[in-house]
K.L.:
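Before anything else, here's the structure in question.
In what follows, every heavy atom counts, from backbone to side chain, and hydrogens, waters and symmetry copies are set aside. Both counts, for ligands and for their atoms, begin at 1 and track the order of listing.
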Amino acid sequence: MSDPVLSLSAIAKTYNAGLPGEVRVLQGIDLYISPGEVVALVAPSGAGKSTLLHIAGLLDTPDAGNVRIAGQDMTGKSDRARTAVRRRDVGFVYQFHHLLPEFTAAENVVLPQLANGVSAVAANDRALDLLDRVGVAARAGHRPAALSGGEQQRVAFCRALANSPRLLLADEPTGNLDPATSDQVFNALMDLARDTGLSALIATHNHALAERMDRVLRLDGGRLAE
Ligand SMILES: Nc1ncnc2c1ncn2[C@@H]1O[C@H](COP(=O)(O)OP(=O)(O)OP(=O)(O)O)[C@@H](O)[C@H]1O
Ligand SMILES: [Mg+2]
């Protein structure tokens, strides 16, 4: 077995600890994702999916427990070290696309590559290739506001994959799309994942989509069950 791409052990997170409004969201989460595995995370609203994904993606820190990405233990690492690993190894897709409104679709996919030291020409080639693979190449020169919800979400996937991360984390990426569009976006993502050996953890409310992934994890009462 190769090293897990993502490994979480004994992760705990409480909001407003010690205050009357204390929320114990995660209470000992263990989770491993192997190279090439696509895993669904299903849970009711408020169960802690976003919290878990933000911790896994180094956007937030747990109160206890360890996060390892591609074998590197991130516990106690500086912000700078966390940012470097996040940029190189992790792609994140938010529930709402979070594309930069003043830039075109292609530019949104180019920018993270420039931040990672890729040349403008290479970054542009890669952006157009990714957009083509998810069927939105014809929209490359349009700004997000001129795109449909499904197109925006496909561009957001391309942005997350721009730097060829090992791990993709997606927070209900098709939650605000109609079923047909959601299927189309999901198919594009699965094709890309299978082609590139990407590992992914994808939060979804959609049980039909969850069933098509390699494994389904359920988060409830602060714990995970297979
Ligand atoms: N910054 C915060 N401060 C206090 N409580 C928070 C904070 N962020 C989240 N929570 C609480 O933690 C719990 C889990 O929130 P989280 O956003 O992780 O859930 P979720 O499963 O993603 O829900 P949804 O499906 O609605 O997106 C909720 O009860 C929420 O109110
Ligand atoms: Mg959420």
Side-chain angles (χ1 to χ4, degrees), residues 6-33 37-69 74-75 79 82-83 86 90-100 144 149-150 152-157 159-161 165 167-179 181-183 185-186 189-190 193 199-226:
L6 173 67
S7 152
L8 303 182
S9 55
I11 296 290
K13 182 78 176 179
T14 298
Y15 290 112
N16 301 327
L19 299 175
E22 175 176 288
V23 196
R24 300 177 66 187
V25 185
L26 305 176
Q27 304 183 51
I29 300 287
D30 296 311
L31 183 163
Y32 306 90
I33 297 183
E37 240 192 338
V38 177
V39 178
L41 177 65
V42 295
S45 181
K49 299 179 294 295
S50 296
T51 302
L52 181 60
L53 287 168
H54 284 126
I55 288 172
L58 308 178
L59 296 164
D60 195 2
T61 48
D63 301 330
N66 293 304
V67 179
R68 280 174 185 273
I69 292 181
M74 300 312 299
T75 313
D79 281 351
R82 292 163 61 84
T83 302
R86 192 167 64 228
V90 183
F92 207 99
V93 179
Y94 298 87
Q95 177 165 8
F96 298 101
H97 58 78
H98 280 263
L99 294 169
L100 298 171
Q152 290 170 355
Q153 241 1 5
R154 278 180 276 174
V155 174
F157 272 115
R159 178 182 58 179
L161 298 176
L167 175 67
L168 178 76
L169 300 170
D171 195 355
E172 294 187 53
T174 61
N176 59 337
L177 304 177
D178 65 72
T181 310
S182 150
D183 242 35
V185 171
F186 182 74
L189 168 69
M190 287 302 271
S199 306
L201 179 61
I202 302 175
T204 180
H205 275 129
N206 185 326
H207 287 268
L209 292 188
E211 290 302 324
R212 292 171 52 198
M213 301 186 213
D214 299 324
R215 273 196 290 146
V216 180
L217 298 177
R218 182 171 303 279
L219 176 63
D220 210 356
R223 297 176 194 282
L224 270 186
E226 194 99 2

K.L.:
Between CE of M74 and CG of L58, what distance do you get to the nearest 0.5 Å?
P.N.:
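If we round to the nearest 0.5 Å, M74:CE and L58:CG are 5.0 Å apart.
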K.L.:
Specify whether Y94 and H54 have parallel, tilted or perpendicular ring planes, treating 30° as the upper limit for parallel and 60° as the lower limit for perpendicular.
P.N.:
tilted
K.L.:
Run through ligand 1 for me and note each protein residue having a heavy atom under 4.0 Å from it, chain first, then residue number.
P.N.:
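The 4.0 Å shell around ligand 1 contains Y15, N16, V23, V25, P44, S45, G46, A47, G48, K49, S50, T51, E172, H205.
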K.L.:
Drop me the distance from L189's CG to R154's CZ, to the nearest 0.5 angstrom.
P.N.:
12.0 Å
K.L.:
Which protein N, O or S atoms does the Mg ion (ligand 2) have within a distance shorter than 2.8 Å?
P.N.:
S50 OG
K.L.:
Closest heavy-atom contact between Y32 and S7?
P.N.:
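For Y32 versus S7, the nearest heavy atoms are CE2-OG, 3.5 Å.
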K.L.:
What's the separation between atom CG in L26 and atom OH in Y15, rounded to the nearest 0.5 Å?
P.N.:
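L26 atom CG to Y15 atom OH measures 7.5 Å (nearest 0.5 Å).
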K.L.:
Could you state the interatomic distance from CG (L217) to CD (E226), rounded to the nearest 0.5 Å?
P.N.:
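Taking CG in L217 and CD in E226, the distance rounds to 5.0 Å.
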K.L.:
Within this structure, what is the CD1-CE distance for the pair I202 and M190, rounded to the nearest 0.5 Å?
P.N.:
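Here the rounded value is 6.5 Å.
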K.L.:
Nearest 0.5 angstrom please: T51 OG1 to L59 CG, how far?
P.N.:
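With rounding to 0.5 Å, OG1 (T51) is 11.5 Å from CG (L59).
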K.L.:
Any non-hydrogen side-chain atom of L6 less than 4.5 Å from a side-chain atom of I69?
P.N.:
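The answer is yes, as the side chains (C-beta and beyond) meet within the 4.5 Å cut-off.
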